[in-house]
Amino acid sequence: QVQLVESGGGLVQAGGSLRLSCAASGTIFGINDMEWYRQAPGKQRELVASITIGGSINCADSVKGRFTISRDNGKNTVYLQMNSLKPEDTAVYYCSAEVYTVTGRHNYWGQGTQVTVSS
């Protein structure tokens, strides 16, 4: 059984910063891509940023220059540093990871963490 647990969400004023973490636990043989998504009320879930096991990064245009994704492979953890936050960044943020387990390769999701940016 693999679990992804996010932390670091909260309420922040516009212009502020937050750092999200997502730790994977369980019987893990390896983790390929790790990603952050977000879903605002009434909107579809969207990809915010992704990072491969080799460190290649993709970011949504809406967060480029403000958000940074990183990972610690030794800790099976992915981070999202969010700076210069805007009210439109308000959403539930989810992490996702492609994990190799004893039964093969599976995609897992965290439970989500709320980020609220006040104007």
Side-chain angles (χ1 to χ4, degrees):
Q1 184 77 6
V2 172
Q3 286 189 320
L4 300 185
V5 178
E6 299 116 335
S7 61
L11 173 64
V12 64
Q13 289 188 331
S17 298
L18 285 174
R19 188 191 194 211
L20 305 183
S21 299
C22 173
S25 63
T27 304
I28 296 171
F29 292 163
I31 300 178
N32 198 4
D33 293 355
M34 303 186 83
E35 300 161 333
W36 286 99
Y37 287 79
R38 67 185 181 186
Q39 187 166 19
K43 295 188 176 181
Q44 289 188 333
R45 191 172 296 190
E46 63 173 352
L47 178 64
V48 176
S50 64
I51 183 167
T52 69
I53 190 171
S56 296
I57 289 171
N58 279 307
C59 282
D61 289 342
S62 59
V63 305
K64 280 181 181 176
R66 300 188 298 121
F67 291 10
T68 302
I69 189 171
S70 61
R71 64 190 286 173
D72 184 331
N73 292 329
K75 295 182 178 180
N76 291 332
T77 299
V78 62
Y79 306 96
L80 187 68
Q81 177 66 44
M82 305 186 294
N83 299 327
S84 302
L85 281 160
K86 304 176 181 180
E88 50 264 43
D89 295 318
T90 295
V92 178
Y93 284 71
Y94 300 89
C95 67
S96 175
E98 188 179 52
V99 181
Y100 292 90
T101 71
V102 66
T103 59
R105 185 178 62 186
H106 306 282
N107 210 65
Y108 292 92
W109 290 85
Q111 81 286 354
T113 185
Q114 177 70 47
V115 171
T116 302
V117 184
S118 63
S119 57

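Keep in mind it's a predicted model, so treat the numbers as computed, not measured. Computed from heavy atoms alone, side chains included, the values below leave out hydrogens, waters and symmetry copies.
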Only pairs under 3.5 Å count here: list side-chain donor-acceptor contacts from residues 49-57, not counting sequence neighbours, and write none if there are none.
{"unit_1": "Thr52", "atom_1": "OG1", "unit_2": "Gly54", "atom_2": "N", "d": "3.3"}
{"unit_1": "Thr52", "atom_1": "OG1", "unit_2": "Gly55", "atom_2": "N", "d": "3.3"}
{"unit_1": "Thr52", "atom_1": "OG1", "unit_2": "Ser56", "atom_2": "N", "d": "3.0"}

Within the structure provided, determine whether Val92 and Thr113 are in side-chain contact (heavy-atom separation under 4.5 Å).
no
At their closest point, which heavy atom of Cys59 faces which heavy atom of Lys64, and how far apart are they?
O-CE, 3.2 Å
Is the backbone N or O of Thr101 less than 3.5 Å from a side-chain atom of Thr103, with the two atoms forming a donor-acceptor pair by type?
no
Counting N and O atoms only, with roles assigned by atom type, does the side chain of Thr90 sit under 3.5 Å from a partner on the main chain of Val117, one being a donor and the other an acceptor?
yes
Crowded around Glu46 CD? As in, over 12 foreign heavy atoms under 6.0 Å?
yes
Looking only at heavy atoms, the pair that brings Ala91 and Ala40 closest together is CB-N, 3.8 Å
Quick one: are Thr27 and Val2 in side-chain contact, heavy atoms under 4.5 Å?
no
Distance-minimising heavy-atom pair for Cys95 and Val78
CB-CG1, 4.4 Å
Apply side-chain contact (heavy atoms from CB on, under 4.5 Å) to residues Ser7 and Leu20 and explain how you reach the verdict.
CA-CA 6 Å; Ser7 61; Leu20 305 183; over 6 Å; no
Could you tell me the separation between the SG atom of Cys22 and the CD atom of Glu35, rounded to the nearest 0.5 Å?
11.0 Å
Electrostatic pair Lys86-Asp89, nearest N-O below 4.0 angstrom:
no
Do you reckon Tyr93 sits in the same ILVMFWY cluster as Tyr37, going by side-chain contacts under 4.5 Å, direct or chained?
no
Measuring only between side-chain heavy atoms, which start at C-beta, is Val102 closer than 4.5 Å to Phe29?
yes
Flag this pair as yes if the NZ/CZ of Arg45 is under 6.0 angstrom from the six-membered ring centre of Trp109 and inside a 45 degree cone about the axis; otherwise no.
yes
Start with the C-alpha gap between Trp36 and Val63, add the side-chain angles, then the distance that decides, and say whether side-chain contact (heavy atoms from CB on, under 4.5 Å) holds.
CA-CA 12 Å; Trp36 286 99; Val63 305; over 6 Å; no
Take Ser96 and Asn107 through the test side-chain hydrogen bond (donor to acceptor under 3.5 Å, both in side chains) and record every step on the way to the result.
CA-CA 7 Å; Ser96 175; Asn107 210 65; 3.0 Å; yes
pair Arg38-Ser62: side-chain heavy atoms closer than 4.5 Å
yes
Taking every heavy atom of Gly8 against every heavy atom of Leu18, the minimum-distance pair comes out as O-CD2, 3.8 Å
Could you check Gln114 against Thr116 for side-chain hydrogen bond (donor to acceptor under 3.5 Å, both in side chains), going step by step and ending with a plain yes or no?
CA-CA 6 Å; Gln114 177 70 47; Thr116 302; 3.3 Å; yes
Applying a strict under-4.5 Å side-chain criterion to I, L, V, M, F, W and Y, I'd like to know whether Phe67 and Tyr94 cluster together.
no
With the side chain counted from C-beta on, respond yes when Gln3 and Tyr108 share a heavy-atom pair under 4.5 Å apart, and no when they do not.
no
Does the cation-pi check pass for Arg19 over Tyr79, that is, NZ or CZ under 6.0 Å from the six-membered ring centre and within 45° of its axis?
yes
Might you work through the side-chain contact (heavy atoms from CB on, under 4.5 Å) test for Arg71 and Ile31, ending with a clear yes or no?
CA-CA 11 Å; Arg71 64 190 286 173; Ile31 300 178; 3.8 Å; yes
Distance alone, cut at 3.5 Å: any donor-acceptor contact between the side chains of Ser17 and Asn83?
yes
Can you tell if the side chain of Glu6 reaches within under 4.5 Å of the side chain of Gln111, non-hydrogen atoms only?
yes
Donor-acceptor pair, side chain of Glu98 and main chain of His106, under 3.5 angstrom
no
Can Val48 and Leu80 be said to form a side-chain contact (heavy atoms from CB on, under 4.5 Å), step by step?
CA-CA 9 Å; Val48 176; Leu80 187 68; 4.3 Å; yes
